[in-house]
Number of protein chains: 2
Amino acid sequence: MSELADRSGVPIPTIKFYLREQLLPRGQLSSRTQASYDDSHLRRLRLVRSLVEVAGLRLEVVRRVLAAVDDEAMTRHDVLGRAHSSLSLSPTAPASSEDLDQVETSLEQWGWKLHDQSPLPAALAQALLALDSLGHPMSDEALEAYAKAAVAVASVDVSQLPVDRSDAVETAVVGTLLREPVLLILRRMAQEVRSGQSQGQ
Amino acid sequence: MSELADRSGVPIPTIKFYLREQLLPRGQLSSRTQASYDDSHLRRLRLVRSLVEVAGLRLEVVRRVLAAVDDEAMTRHDVLGRAHSSLSLSPTAPASSEDLDQVETSLEQWGWKLHDQSPLPAALAQALLALDSLGHPMSDEALEAYAKAAVAVASVDVSQLPVDRSDAVETAVVGTLLREPVLLILRRMAQEVRSGQSQGQ
DNA sequence: GACGATTGGATAGTGTTACTGTCTAATCTG
DNA sequence: CAGATTAGACAGTAACACTATCCAATCGTC
């Protein structure tokens, strides 16, 4: 255990806490006061820390995402969908059906077909509603430009998935969540660059 | 005050709390127990709620962002930079200079020139480092694809800024922060769509 | 002009999240 | 066999974002 702590840089009490919270599987008990942890534990521990620190997920969300990753019965595609479902902690405020309709119209227009129970359309409706209510609505053109950019990055993400199921699943989850900050930071950088170009008070 | 609470849907104790925390300017005192709040207060209150609920910012970060918005001495471009600086709460772990160098090489390649004290390169280095250390590094090609997509959305963002300074400042901040969820959700949607297309276990 | 409700302001308390510390008995190490 | 380490249970803490209570000073109304 102290080896696991040393190699991961995570303090022992925290590791114990993660074991309690089922974020980390227990090690193989070799006696009542001795368990052995292998590389898979180290790997999982690092994954948990990254999801928390880099992707900013709550532990409860991390637990659900990992459960999807660990579920051998799921295909790559299923895992992606369920990981996405796991990501909304609050039951996603029931956006008015009006906004939701508008979102669904756009999706149809773009030819995007999502899983029926996907929480994403409602989440999108909610995000757009917040913009509307602050007086900064997103035009259809702006939304479409965003959608095109989203397709571009998603193509890269999906095209690089490994063939093996469990590898693919982890890559998909890690890729989806830990590349989010990358995209956001690049966007902010690009804004600064563009804003500098169109300078003038 | 109760009118403000009614119109915004925010409970009175919370409004008082925001006043204490300097997230909301005090109203015009007409007597010792009466202050009047106008539309700017309502607007600001809604902005705070959106930044907290939609963009997921902490109150301390919201306070700093608003301070940048309110600082009349700053140009549109300055505000964007300072808002970005305000966003990192932790002092951004000092990414190894090696990773940082690599990031800066890419930026140069793309012709991106950022403000000297921008926290963004270090943040990017950190995000990439997390991916590396989990065994899922981002290739230069993938990063460039992300950068292109980022430019595309940033162009839309910047091109729509109003001319008036204070309008532009608010639009920039709101647009930067509250459109982030939109972009991320669209990306997840696009992943599901693409992943479904390349289905096959 | 009496009176219940409301206000601004200050202070204290609550619930949640993510740890961190302490304790115990068993076991391992030298 | 002495001292350190461990698994496991349980209690304590720090930060965050509210929420509740209290007070004296109005305000609105009858």
Side-chain angles (χ1 to χ4, degrees), chain A residues 1-38 41-42 44-66 86-91 93, chain B residues 1-38 41-42 44-66 86-91 93:
Chain A
M1 170 136 206
S2 47
E3 191 191 333
L4 190 60
D6 281 349
R7 292 222 273 159
S8 65
V10 178
I12 289 183
T14 304
I15 294 177
K16 287 185 170 187
F17 170 69
Y18 286 169
L19 288 169
R20 269 203 306 287
E21 295 292 309
Q22 320 229 50
L23 293 167
L24 200 60
R26 310 213 102 96
Q28 184 82 30
L29 271 181
S30 59
S31 75
R32 199 182 318 194
T33 65
Q34 204 77 359
S36 62
Y37 304 92
D38 58 18
H41 290 91
L42 181 58
R44 173 57 57 97
L45 183 52
R46 283 211 256 251
L47 177 55
V48 171
R49 296 301 295 192
S50 295
L51 290 177
V52 169
E53 288 173 4
V54 180
L57 300 191
R58 296 205 211 166
L59 296 187
E60 191 188 327
V61 174
V62 171
R63 193 186 305 114
R64 290 206 301 252
V65 169
L66 293 179
S86 312
L87 290 175
S88 52
L89 192 49
S90 53
Chain B
M1 170 138 206
S2 47
E3 191 193 332
L4 190 60
D6 282 348
R7 293 221 274 157
S8 65
V10 177
I12 290 182
T14 304
I15 294 177
K16 286 186 169 186
F17 171 71
Y18 286 168
L19 288 169
R20 270 203 304 290
E21 295 292 308
Q22 321 229 47
L23 292 167
L24 199 60
R26 310 212 103 98
Q28 185 80 30
L29 272 180
S30 58
S31 75
R32 198 182 317 193
T33 65
Q34 205 75 359
S36 61
Y37 303 93
D38 58 19
H41 291 91
L42 181 58
R44 172 58 57 96
L45 183 53
R46 284 211 255 253
L47 178 56
V48 170
R49 296 301 294 192
S50 296
L51 290 177
V52 168
E53 288 173 6
V54 181
L57 301 192
R58 295 204 209 167
L59 295 187
E60 191 189 328
V61 174
V62 172
R63 193 186 307 114
R64 289 206 302 251
V65 169
L66 293 179
S86 312
L87 290 175
S88 52
L89 193 50
S90 52

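Just so it is clear: chains get the letters A, B, ... in the order the sequence lines come, proteins before strands, and each one is counted from 1.
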Notebook entry, point to check: When you measure from the side chain of F17(B), which nucleotide among dT17(C), dT19(D), dC28(C) comes out closest?
Noted result: dT19(D)

Notebook entry, point to check: For L29(B), which contact category applies under a 4.0 Å heavy-atom criterion: base, sugar-phosphate, or nothing?
Noted result: sugar-phosphate

Check: Does any N or O donor sit under 3.5 Å from an N or O acceptor when you compare the side chain of R20(B) with the base of dT19(D)?
Finding: yes

Check: Could a donor-acceptor pair under 3.5 angstrom be found where the side chain of R32(A) meets the base of dT5(D)?
Finding: no

Next item on the list: Please report the C-alpha distance between Y18(A) and R49(A) in whole Å, then the side-chain angles of each, then the deciding distance to 0.1 Å, and finally whether the side-chain hydrogen bond (donor to acceptor under 3.5 Å, both in side chains) criterion is met.
Entry: CA-CA 10 Å; Y18(A) 286 169; R49(A) 296 301 295 192; 2.9 Å; yes

Margin query: Counting only side-chain heavy atoms from C-beta out, which of dA26(C), dT7(C), dA17(D) sits nearest to L59(B)?
Written below: dA17(D)

Next item on the list: Let me know the distance between NE2 of H41(B) and C1' of dG8(C), rounded to the nearest Å.
Entry: 13 Å

Notebook entry, point to check: For Q34(A) and dA4(D), what is the distance between atoms CD and P respectively, to the nearest whole Å?
Noted result: 17 Å

Notebook entry, point to check: Think S2(A) has a side-chain N or O under 4.0 angstrom from the OP1 or OP2 of dT6(D)?
Noted result: yes

Margin query: Quick check for you: among dT7(C), dT26(D), dG8(D), whose closest atom lies nearest to any side-chain atom of R26(A)?
Written below: dG8(D)

Item checked: Of R49(B) and T33(B), the one whose closest DNA chain D nucleotide lies more 5' -> R49(B)

Margin query: Which heavy atom of M1(B) sits nearest to which heavy atom of I15(B), and what is that distance?
Written below: CE-CG2, 3.4 Å

Check: Which of these, L59(A), L47(A), V61(A), L57(A), sits in a side chain to side chain contact (heavy atoms under 4.5 Å, CB included) with V52(A)?
Finding: L59(A)

Notebook entry, point to check: Roughly how far, to the nearest 0.5 Å, is CZ of R63(A) from CG of L24(A)?
Noted result: 12.5 Å

Margin query: dC18(D), OP1 or OP2 - any side-chain N/O from Y18(B) closer than 4.0 Å?
Written below: yes

Checklist line | Of the listed nucleotides dG9(C), dT5(D), dG21(C), the one nearest the side chain of P13(A) | finding: dG21(C)

Notebook entry, point to check: Reckon S31(A) has a side-chain N or O less than 4.0 Å from the OP1 or OP2 of dC28(C)?
Noted result: yes

